[in-house]
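Accompanying notes for the structure given below.
Note on naming: letters A, B, ... go to the chains in the order of the sequence lines (proteins, then strands), and numbering restarts at 1 for each one. Hydrogens, waters and symmetry mates play no part in the numbers below; they use all other heavy atoms, side chains included. Bear in mind the structure is a predicted one, so any value in this text is a computation, not a measurement.
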Amino acid sequence: MAISTKPPSGMRDFLPAELARRRYVIETIQQTYEKYGFVPVETPSIENLSTLLGKYGDEGDQLLFRILHRRDKLARALETPEVGEKDLADLGLRYDLTVPLARLIANNPELPKFFKRYQIQPVWRADRPGRGRFREFWQCDVDITGSKSLIAEAEVCSAVSEVLLNLGFSNFEIHLNHRQLLKCLIKAAGIALENEALTLVAVDKLDKIGIEGVEKELEQRGISAAQSRALLELIQRPCGLDEAGELQRLKQALSDNSEAITAIAQLETLTSLLDSSKAAGHYCIDASLARGLGYYTGPIFEIRSSDFSGSLGGGGRYDGLIGMFKGSEIPAVGFSIGFERLLLVLEEKGLFGQISCGPDIVICHFDDVADSAVIEAANSLRQHGVKVEIYPETPKLGKQIAYAESIGATWVAIMGASEAAEKVLSLKHLVSGEQHKLNYTDTAARILNN
RNA sequence: GACGAAGUAGCACAAUGGUAGUGCACAAGAUUGUGGAUCUUGUGGUUGCGGGUUCGAGCCCCGUCUUCGUCCCCA
């Protein structure tokens, strides 16, 4: 049997044309984030398992790619009686960029009090691949540590909104909710706090499976019909209610709960800040938004679009996470763009213009020219900033030109003994067919002005 | 992890249980310093893998692997 030439399931090779698009999007993201004062960091692909475990909830722990002990340690581990999963691995591939950031913050106390970092790197999850879903995929995170101000929330929401708008994509809404508010809603419905996690999972599907679907799922998980109905009553937004009205409604429903009132007041402040930001007109209050990750403590966000079923990104406040790595707590808030899904949507909506990759020009030549002269000509063009490929052999000219066209070059230079003697190139435009003899400098100028 | 569909040439797809084809792509050629169009010719497949039924299997049956959907969950 031949060895499979496919990358592992859920992982991909990127060919030049696709990579050019990916880089274009990444560049836009970087430029936008930097306008907000975010600075880049990178962290290792691999983290200690102890860093990763217990931060994402049970589901997250299941999806961690673990790395086996090496050499003798593995052999020893395998010999221990009743060896379990935990004994075999000590490292894992990072699951997101937030937990590594928390570790990095705890490990570098000299960083600025308000550290605004962005990070664009791959993460790994041992998930089953599907549409817009991979085992290796990139995330583009912005986070602000050190501040409890809602300006931090507003800034990250504004930054990701601006990224999407700069890429020409405006069909999105940032759904907003608050972890404390959710907790209070569940309590108000009479559901035990120990059932919070499973309740949230069911509630989060409201817009997907509908009211009956959620009721059914809650019932299956042992929540009484009266409780689930009470919860849905609270969470469901009446038709025609605007953002302020929805917040007002929640405030009235939970008026006896000071914790809930505080959370709602934060959302009120946040929405007013967002109205002055790039996220204006691109957010909504969604009391059913839950988000799976365990570490969120305050406002939570998620990017939704009718162009993609699922989330295009998400984030929130996590004031306790850094404290898990450090004695003292440091508040933080972040937002992550799901790069692969964004790319998918941009592609489907035709929002990529012409993104070129490959050389501007291929130098075709004959065997009556010294190879060294060809290299000299190529380097002369390159010095002017032209992307040049030399056809490495000397078959008949037609083949050389056909090749240049096949790789997407718009120009060819033809170089024979006569051109070499005059130090010129016969520059041919492959679309118009026009051809002129020009010296190297004029050739470069002509290509770059095109 | 659950369910469904599909695996045939590099790619896209055909083939009432009876000799595996078509298009695109690729290669060569139509007076050797000019590509795209047309034409001619040609290369290319143990039909995903392993069993079974049959005189005979790409087709039917079982298993297996892979891929793609939907669910679950997520970015």
Side-chain angles (χ1 to χ4, degrees), chain A residues 1-2 4-10 12 56-64 94-98 120-141 160 172 197-198 200-202 204-205 208-209 213 217 220-221 289-294 301-305 308-316 334-345 362 364-369 391 394-420 425-435 437:
Chain A
M1 264 296 272
S4 170
T5 55
K6 289 187 183 117
S9 167
R12 297 159 294 165
Y56 304 106
D58 291 344
E59 187 74 17
D61 285 355
Q62 294 295 317
L63 295 178
L64 279 176
R94 64 165 172 253
Y95 178 90
D96 72 356
L97 302 177
T98 306
I120 302 174
Q121 284 193 283
V123 303
W124 292 266
R125 297 183 189 177
D127 210 349
R128 202 183 188 87
R131 174 178 149 83
R133 182 141 167 219
F134 305 93
R135 291 182 145 183
E136 178 181 58
F137 61 99
W138 287 60
Q139 290 191 328
C140 313
D141 280 33
V160 301
F172 68 91
L198 60 91
L200 292 182
V201 167
D204 200 38
K205 295 176 202 161
K208 258 191 189 171
I209 60 179
E217 183 157 338
Q220 280 169 358
R221 305 200 181 193
L289 174 66
R291 296 200 49 76
L293 299 181
F301 345 109
E302 189 162 298
I303 312 171
R304 303 263 180 90
S305 168
F308 186 85
S309 103
S311 146
L312 287 174
F335 211 136
S336 173
I337 295 179
F339 180 68
E340 313 298 342
R341 293 174 174 185
L342 175 58
L343 225 75
L344 197 78
V345 167
V362 173
C364 307
H365 56 107
F366 300 101
D367 53 11
D368 58 3
V369 189
Y391 197 99
T394 56
K396 64 186 229 182
L397 187 55
K399 278 186 79 81
Q400 300 190 44
I401 293 176
Y403 170 81
E405 191 173 42
S406 75
I407 63 167
T410 41
W411 303 88
V412 293
I414 300 161
M415 212 180 162
S418 61
E419 284 93 348
L425 295 167
S426 290
L427 177 66
K428 182 186 179 77
H429 191 253
L430 286 176
V431 180
S432 67
E434 273 181 59
Q435 186 170 326
K437 274 194 182 181

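- Nucleotide B:G45: unpaired (no Watson-Crick or G-U wobble partner with both distances less than 3.5 Å).
- Here B:U34 is the nucleotide among B:A75, B:G1, B:U34 with the atom lying nearest to any side-chain atom of A:K428.
- Within the 4.0 angstrom heavy-atom criterion, only backbone atoms of the sugar-phosphate kind lie near A:G398; the bases stay farther away.
- Across all strands shown, A:L312 has heavy atoms under 4.0 Å from sugar-phosphate atoms exclusively, and none from any base.
- Taking 3.5 Å as the limit, the base of B:G35 and the side chain of A:S406 contain no donor-acceptor pair of atoms between them.
- Pair check for B:G21 finds B:C13; Watson-Crick or G-U wobble, both atom distances under 3.5 Å.
- In this structure, CD1 on A:I414 lies 9.0 Å from CD on A:Q400, to the nearest 0.5 angstrom.
- Separating the C1' atom of B:C61 from that of B:G17 is a span of 14 Å, rounded to the nearest Å.
- When each of A:E419 and A:G130 is assigned the nucleotide of RNA chain B with its nearest heavy atom, A:E419 is the one assigned upstream, toward the 5' end.
- Here B:G35 is the nucleotide among B:G33, B:G35, B:A75 with the atom lying nearest to any side-chain atom of A:E405.
- When distances run from any side-chain atom of A:R133 to the nucleotides B:C74, B:U34, B:G33, the shortest one goes to B:C74.
- Between A:R341 and the phosphate of B:C74, there is no side-chain N or O to OP1/OP2 separation shorter than 4.0 Å.
- With distances taken from any side-chain atom of A:R125 to the nucleotides B:C74, B:G35, B:G69, the minimum falls on B:C74.
- Using a 4.0 Å cut-off, some side-chain N or O of A:K399 falls inside it from OP1 or OP2 of B:A28.
- Taking atom C1' in both B:C11 and B:G45, one finds a spacing of 14 Å when rounded to whole Å.
- Taking atom P on both B:A5 and B:C73, the two are 24 Å apart, rounded to the nearest angstrom.
- Among B:G69, B:G33, B:C72, the nucleotide with an atom closest to any side-chain atom of A:L397 is B:G33.
- The A:R128 side chain lies nearest to B:G1 when the options are B:G33, B:G69, B:G1.
- Proximity note for A:R131 (side chain, C-beta onward) versus B:G35, B:U34, B:U70: the nearest is B:U70.
- Nearest nucleotide to the side chain of A:F366, out of B:A75, B:G33, B:G35: B:G33.
- Among the heavy atoms of the strands lying under 4.0 Å from A:F134 is at least one base atom, whether or not backbone atoms are also near.
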